[in-house]
Amino acid sequence: MARVGLVLGAGGVVGQAYHAGVLAALEHDVGWDPRGVDVVVGTSAGSITGTLLRSGVPASELAAWAVRAPLAAEGHLLAEWFGEESPVFEPFRLWDVVRRPPALPGRHMVQRALVRPWHFRPMTAALALLAPGRSDITEQLTALREVEGRDWPEQDLWICAVRRRDGRRVVFGREGTPQVPLHLAVASSCAVPGYFAPVHIGHDSYVDGGAHSPTNAATLRGRELDLVVVVSPMSGPSGLPRDPYGTSRWHAGRLARREVRALRAEGTTVVALRPGEVAQRAMGNDFMSGERVEEIVQAAFFEAGAYAAQPEVRELLAPLRD
């Protein structure tokens with residue numbers, strides 16, 4: 001059996017809709033059940049999707065719930081977690097996030113920058129230092145209360161967050177990292193800097209793992225997998241950006257491509273999926289908006305299906321059909 005990894009990137013509400021469409025397409029067109037992969041890496045929205053997959057929810061049910069279609073028996077967990085209505089969030093406005101004075105770097109962050117400068121990411125540090133948002137992610141997202149008390153799944157689920165005091169990425173669920181409750185790991189990974197308040201665990205506070213990388217696919221280096229499927233909702237085209245939101249997508253795409261190259265350099269086959277023009281238009285610039293979820297799922301489904309049908313991609317995805 002091929003050893004397969006699944007990377008589910010950040011992207012807020014619209015990113016979760018994109019995950020649902022892509023995974024449903026791979027299930028429908030390739031016959032792949034992503035619930036059985038060897039390891040799932042989830043960041044922000046991807047941490048929720050990954051947790052649902054590891055809890056037994058099929059990809060088809062993720063898409064059905066997103067578009068408000070009737071759920072099969074296997075999708076009952078979605079109704080239990082989310083209820084009949086999707087959570088409604090305040091619009092994401094970039095100016096509201098950056099206009100408040102950030103915190104000054106503490107000694108841990110300064111020390112890390114001086115001692116290990118090759119591992120220090122100034123952008124990650126800047127995002128970690130943004131003034132805390134006013135909303136509590138654990139209160140805003142009902143699903144997290146339903147996760148509370150659940151044990152970590154037996155199969156590997158790695159959830160990425162950033163520790164505020166030193167700007168370091170922490171991969172909850174991976175051997176050697178702090179053991180924390182699953183719902184707090186998911187909340188930490190979803191705590192968008194400046195939009196949500198940081199999540200406190202023990203003596204530390206954490207923010208969205210997307211502050212380090214929109215996919216964190218590089219965490220799978222050295223895992224010796226045969227195939228890694230990367231779903232990167234925040235990635236954009238490689239051309240020059242035209243506005244701040246385009247810059248964000250350009251930066252996300254650049255990081256994702258760099259991480260994919262690193263995996264391929266080790267001999268790992270990687271299939272990366274990112275929004276095309278139609279999906280990007282549907283997703284818009286407010287990644288917390290649920291207004292166009294059905295359009296996003298549909299666009300992602302057809303784009304991913306068309307991409308997977310290409311002969312060279314179909315060959316790469318062959319291990320998923322074993």
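We number each residue from 1, following the sequence as shown.
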Are any non-hydrogen side-chain atoms of Leu23 and Thr49 less than 4.5 angstrom apart? yes

When rounded to the nearest 0.5 Å, the distance separating CG of Asp29 from CZ of Phe301 is 5.5 Å

Quick check against the 3.5 Å criterion: does Arg35 have a side-chain atom that pairs as donor or acceptor with the backbone of Leu53?
no

Discussion item. Using side-chain heavy atoms (C-beta onward) and a distance below 4.5 Å, is Gln16 in contact with Leu52?
Written reply: yes

Heavy-atom nearest pair, Ser289 first then Val14, reads O-CG1, 3.4 Å

Minimum side-chain heavy-atom gap Val229-Leu26 below 4.5 Å: yes

Is a side-chain donor or acceptor of Ser189 paired with a backbone partner of Cys160 at a separation under 3.5 angstrom? yes

| query | Is the backbone N or O of Glu294 less than 3.5 Å from a side-chain atom of Arg68, with the two atoms forming a donor-acceptor pair by type? | reply | no

Open item on the list: I'd like to know if the side chain of Ser205 and the backbone of His200 have a donor-acceptor N/O pair within less than 3.5 Å.
Closed with: no

_Taking atom CD as the centre, does Glu224 end up with more than 12 heavy-atom neighbours from other residues, nucleotides or ligands that are less than 6.0 angstrom away?_
no

To the nearest 0.5 Å, atom CZ of Arg107 lies from atom CZ of Arg165 at 8.5 Å

Would you find a donor on one side and an acceptor on the other, under 3.5 Å apart, between the side chain of Glu303 and the backbone of Ala279?
yes

Closest heavy-atom pair, Arg258 versus Arg121, reported as atoms and distance to 0.1 Å, is NH2-NH2, 3.6 Å

Taken to the nearest 0.5 Å, the spacing of His19 NE2 from Ile296 CD1 works out to 11.5 Å

For Ala59 and Pro34, the nearest pair of non-hydrogen atoms, with its separation, is CB-CG, 4.1 Å

inquiry  = Quick check on Glu90: does its CD atom have over 12 non-hydrogen neighbours (other residues, nucleotides or ligands) under 6.0 Å away?
reply    = no

Separation between CD (Glu27) and CD (Glu61), nearest 0.5 Å, reads 8.5 Å

Practice item. Taking atom CZ of Arg168 as the centre, report whether more than 12 heavy atoms of other residues, nucleotides or ligands fall under 6.0 Å from it. Key: no

On a heavy-atom basis, the closest approach of Ser213 and Thr43 is O-CG2, 3.9 Å

- Query: Looking at side-chain heavy atoms only, is the closest gap between Ser47 and Cys190 below 4.5 Å?
  - Reply: yes

Do the side chains of Leu316 and Leu6 join up, straight or via other hydrophobic residues, at under 4.5 Å, putting them in one cluster?
yes

- Close side-chain approach of Val186 to Ile48, heavy-atom, < 4.5 Å: yes

Of all heavy-atom pairs linking Ala45 and Gly15, the shortest is CB-C, 4.5 Å

Inset, instruction - Could you check if a side-chain atom of Val37 sits within less than 4.5 angstrom of a side-chain atom of Trp32, using non-hydrogen atoms only? - result: yes

Query raised in the report: Cluster question for you: counting only ILVMFWY and a side-chain heavy-atom cut-off of under 4.5 Å, with indirect links fine, are Val180 and Leu182 together?
Result: yes

Please confirm whether the backbone N or O of Val4 pairs with a side-chain atom of Asp226, one donor and one acceptor, at under 3.5 Å? no

Is any side-chain heavy atom of Pro178 closer than 4.5 Å to a side-chain heavy atom of Val170?
yes

Value for CD1 (Ile137) from OG (Ser44), rounded to nearest 0.5 Å, stands at 8.0 Å

Could you go step by step and tell me if Thr51 and Ile159 meet the side chain to side chain contact (heavy atoms under 4.5 Å, CB included) rule? CA-CA 9 Å; Thr51 299; Ile159 294 178; 4.1 Å; yes

Give a yes or no on whether Val162 and Tyr195 share a hydrophobic cluster (residues Ile, Leu, Val, Met, Phe, Trp, Tyr; joining criterion: side-chain heavy atoms under 4.5 Å apart).
no

To the nearest 0.5 Å, atom OG of Ser60 lies from atom NE2 of His28 at 10.0 Å

Quiz item: Any side-chain heavy-atom pair from Arg164 and Pro132 closer than 4.5 angstrom?
Solution: yes

The ring-ring contact (aromatic ring centres under 6.0 Å, His included) partner of Phe172 among Trp158, Trp152, Tyr206 is Tyr206

Is there a path of hydrophobic side-chain contacts, each under 4.5 Å between heavy atoms of I/L/V/M/F/W/Y residues, joining Val228 to Val313?
no

### Query
Just by modelled atom types, is the Ala128 backbone N or O under 3.5 Å from a matching donor or acceptor in the Arg163 side chain?
no

| said: Hydrophobic clustering (ILVMFWY, side-chain heavy atoms < 4.5 Å, transitive) - are Tyr18 and Val67 grouped together? | reply: yes

Tell me whether Thr219 contacts the main-chain N or O of Asn216 through its side chain, where contact means a donor paired with an acceptor under 3.5 Å.
yes

Q.
Test your reading of the model: is there a side-chain donor-acceptor pair from Gln280 to the backbone of Pro275, 3.5 Å cut-off?
A. yes

Residues Val293 and Ala66: closest non-hydrogen pair is CG1-O, 3.4 Å

task: Might you work through the salt bridge (charged side-chain N to carboxylate O under 4.0 Å, His left out) test for Asp166 and Arg116, ending with a clear yes or no?
output: CA-CA 12 Å; Asp166 56 6; Arg116 307 187 72 184; over 6 Å; no

Notebook entry, point to check: Yes or no on side chain to side chain contact (heavy atoms under 4.5 Å, CB included) for Asp156 and Arg223, after CA distance, side-chain angles and deciding distance?
Noted result: CA-CA 12 Å; Asp156 282 342; Arg223 184 69 190 241; 2.7 Å; yes

Practice item. With salt bridge (charged side-chain N to carboxylate O under 4.0 Å, His left out) as the test, would you mind laying out the steps for Arg221 and Glu266 before giving the verdict? Key: CA-CA 8 Å; Arg221 291 180 63 183; Glu266 293 185 336; 3.8 Å; yes

Expected output: side-chain Thr177 to main-chain Val171 donor-acceptor under 3.5 Å = yes

